[in-house]
There are 2 protein chains.
Amino acid sequence: MNLSKKQIFMNYTAAKGLKSTRQRDIILDCFLSSEQHLSTEELYLKIKKQNAGIGFATVYRTLKLFAEAGIASEIQLGDGQTRYEHLHAGEHHDHLVCTKCGAIVEFANETIEQLQKDVAQQHGFTIVTHKLELYGTCAACTG
Amino acid sequence: MNLSKKQIFMNYTAAKGLKSTRQRDIILDCFLSSEQHLSTEELYLKIKKQNAGIGFATVYRTLKLFAEAGIASEIQLGDGQTRYEHLHAGEHHDHLVCTKCGAIVEFANETIEQLQKDVAQQHGFTIVTHKLELYGTCAACTG
DNA sequence: GCTTATATTGAAAATCATTCTCAATTAGGT
DNA sequence: ACCTAATTGAGAATGATTTTCAATATAAGC
C-alpha cells in the first residue's frame, strides 16, 4: 500500500517535471508511517527528530504537493491548523471530533453521501467535494 | 425580526453587566441589515464607509459578542476568513459553496441531521454542533 | 563524467487574519 | 457630578502559512 502511494507520487512528480529529492523522500516516508490527521507542525517536529536540517517551509511545500498528487488531503478541524490525512483512491470519509480530548474518529455513511448529492442537484450544483464534521464529546469524555 | 435580535442582544449584555455603546449599536445595525455570510473584514469595510472611526478590533470583538449572545454564528468556508451569519433560534442549516463564483446557498435537510445523530450514537459521541459544506459549482458556473 | 539549465532547499522576511495591550474615553449606578 | 468598571482605537503581538532569494542539488545533454 505504501509502495503504491510512493508510485503515485513519483508518477505525479515525473509528469510535472519535478525532481526527486532526499527531503521529499524523507517527508513522504514519515507521512506514510504516521497516524492520520497530523498537522503540518506535528509532522515537521517528527521529521526533525529523525533528520535535523529539514526546514519547515519544505514540509509545508511538500505536504501541499502530496495533496496535489492525490495521496493526501487537507482537513481543517477548527483548531486553526491544517492537517493532512492519507487519501485512498475512491474512498471518502468524514469526522467525529471530540471537543474535549481532541480525539478524531472517521466514519463513512453512504446514505448521507447520497442525500448530499440529492440536495446539490435540487439546487443545480455539481459537487466536487464536501466536508462533514460532527463536534461533541466522545464516550470517554461524556461521562 | 430585527427588533427581537436587538432585544436578545440587549438582554445578553444587560445580564452580563456589559455596557451599551454607540459602536455596538452601529455594528449591530450594520450586521442586521447585511446579507448573510459577511466576513469580519467585509463588515468592517462596510461600517467604515458609513462611520469612520470604528476600529477593526472593535468589529472583531463585537462580532464575537454577537456569537456569544446567540444572534450570530461563526462559519469557516475554507477561504481563510471567519464569516458570521444571522442565527435564528432553533434553526440550523448547512451550505452549498460555489468554488468558482463564491456563491453560498443555504439548505436544511432533516434526514441528514437524523443520520448524523445515528452515526454519532454508534460511536458513543454526544454531538453538540456539526458542520456540513458541499463544494462544487453552481448552475450558472457549471455551464 | 562534466556542463548546464532548472528545480529545490533553508532561513529569514513577509503576509494574513486575528488577538492582545494599554492608555484614554465613556457608560451607568449612586 | 463622581466613581468604578467596561470599552475603545491604534498599534504591537501572535500564530500559521507563504514568499523571497541566494545557495545547492538534480536530471538531462553532450
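Residue numbers begin at 1 in each chain, while the letters A, B, ... track the order of the sequences. Computed from heavy atoms alone, side chains included, the values below leave out hydrogens, waters and symmetry copies.
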Next item on the list: Please tell me if the side chains of A/Lys117 and A/Gln114 come closer than 4.5 Å, counting only heavy atoms from C-beta onward.
Entry: yes
Checklist line | Residue pairs, two or more places apart or on separate chains, that pass ring pair (Phe, Tyr, Trp, His ring centres under 6.0 Å) and touch residues 102-129 of chain A | finding: none
Check: Under 4.0 Å between a side-chain N/O of B/Lys64 and OP1 or OP2 of C/dT19, yes or no?
Finding: yes
Check: Within the distance-only criterion (no hydrogens, no angle test), does the side chain of A/Thr142 pair as donor or acceptor with the backbone N or O of A/Thr137 below 3.5 angstrom?
Finding: yes
Notebook entry, point to check: OP1 or OP2 of C/dT9 sitting under 4.0 Å from any side-chain N/O of A/Thr21?
Noted result: yes
Notebook entry, point to check: Taking only N and O in the side chain of A/Tyr60, is any of them less than 4.0 Å away from OP1 or OP2 of D/dT17?
Noted result: yes
Notebook entry, point to check: Does A/Ser20 have any side chain to side chain contact (heavy atoms under 4.5 Å, CB included) partners at least two apart in sequence or in another chain, and if so, which?
Noted result: none
Show each protein N/O and nucleotides 4-6 of chain C N/O combination with a separation under 3.5 Å, one pair to a line.
{"residue": "C/dT6", "atom": "O2", "partner": "A/Lys19", "partner atom": "NZ", "Å": "2.4"}

Could you go over nucleotides 9-13 of chain D and give all protein N or O partners under 3.5 Å, atom names and distances?
{"residue": "D/dG9", "atom": "OP1", "partner": "B/Gln23", "partner atom": "NE2", "Å": "3.4"}
{"residue": "D/dG9", "atom": "OP1", "partner": "B/Gly53", "partner atom": "O", "Å": "2.6"}
{"residue": "D/dG9", "atom": "OP2", "partner": "B/Gly55", "partner atom": "N", "Å": "3.2"}
{"residue": "D/dG9", "atom": "OP2", "partner": "B/Thr58", "partner atom": "OG1", "Å": "2.3"}
{"residue": "D/dG9", "atom": "N7", "partner": "B/Arg61", "partner atom": "NH2", "Å": "2.7"}
{"residue": "D/dG9", "atom": "O6", "partner": "B/Arg61", "partner atom": "NH1", "Å": "3.4"}

Next item on the list: Pick base, sugar-phosphate or nothing for A/Lys16, based on heavy-atom distances below 4.0 Å to the nucleic acid.
Entry: nothing
Check: Do you know the tightest heavy-atom contact between B/Arg83 and B/Asp79?
Finding: NH2-OD2, 2.7 Å
Next item on the list: Apply ring pair (Phe, Tyr, Trp, His ring centres under 6.0 Å) to A/Phe31 and list each qualifying residue two or more places apart in sequence or on a separate chain.
Entry: A/Phe66, A/His86
Notebook entry, point to check: Under 3.5 Å, side chain of A/Ser33 to main-chain N/O of A/Cys30, donor-acceptor pair present?
Noted result: yes
Margin query: How many whole angstroms separate atom CD1 of A/Ile27 from atom C1' of C/dG10?
Written below: 12 Å
Check: Which part of the nucleic acid, if any, lies within reach of B/Thr82 when heavy atoms closer than 4.0 Å are counted: base, sugar-phosphate only, or nothing?
Finding: sugar-phosphate
Considering only distance and modelled atom types, tabulate donor-acceptor pairs under 3.5 Å from the side chains of residues 93-104 of chain B, sequence neighbours left out.
{"residue": "B/His93", "atom": "NE2", "partner": "B/Glu85", "partner atom": "OE1", "Å": "3.1"}
{"residue": "B/His93", "atom": "NE2", "partner": "B/Glu85", "partner atom": "OE2", "Å": "3.3"}
{"residue": "B/His93", "atom": "NE2", "partner": "B/Glu106", "partner atom": "OE2", "Å": "3.4"}
{"residue": "B/Asp94", "atom": "OD1", "partner": "B/His92", "partner atom": "NE2", "Å": "3.2"}
{"residue": "B/Asp94", "atom": "OD1", "partner": "B/His130", "partner atom": "NE2", "Å": "3.3"}
{"residue": "B/His95", "atom": "NE2", "partner": "B/His37", "partner atom": "NE2", "Å": "3.3"}
{"residue": "B/His95", "atom": "NE2", "partner": "B/Glu85", "partner atom": "OE1", "Å": "2.9"}
{"residue": "B/Thr99", "atom": "OG1", "partner": "B/Gly136", "partner atom": "O", "Å": "3.2"}

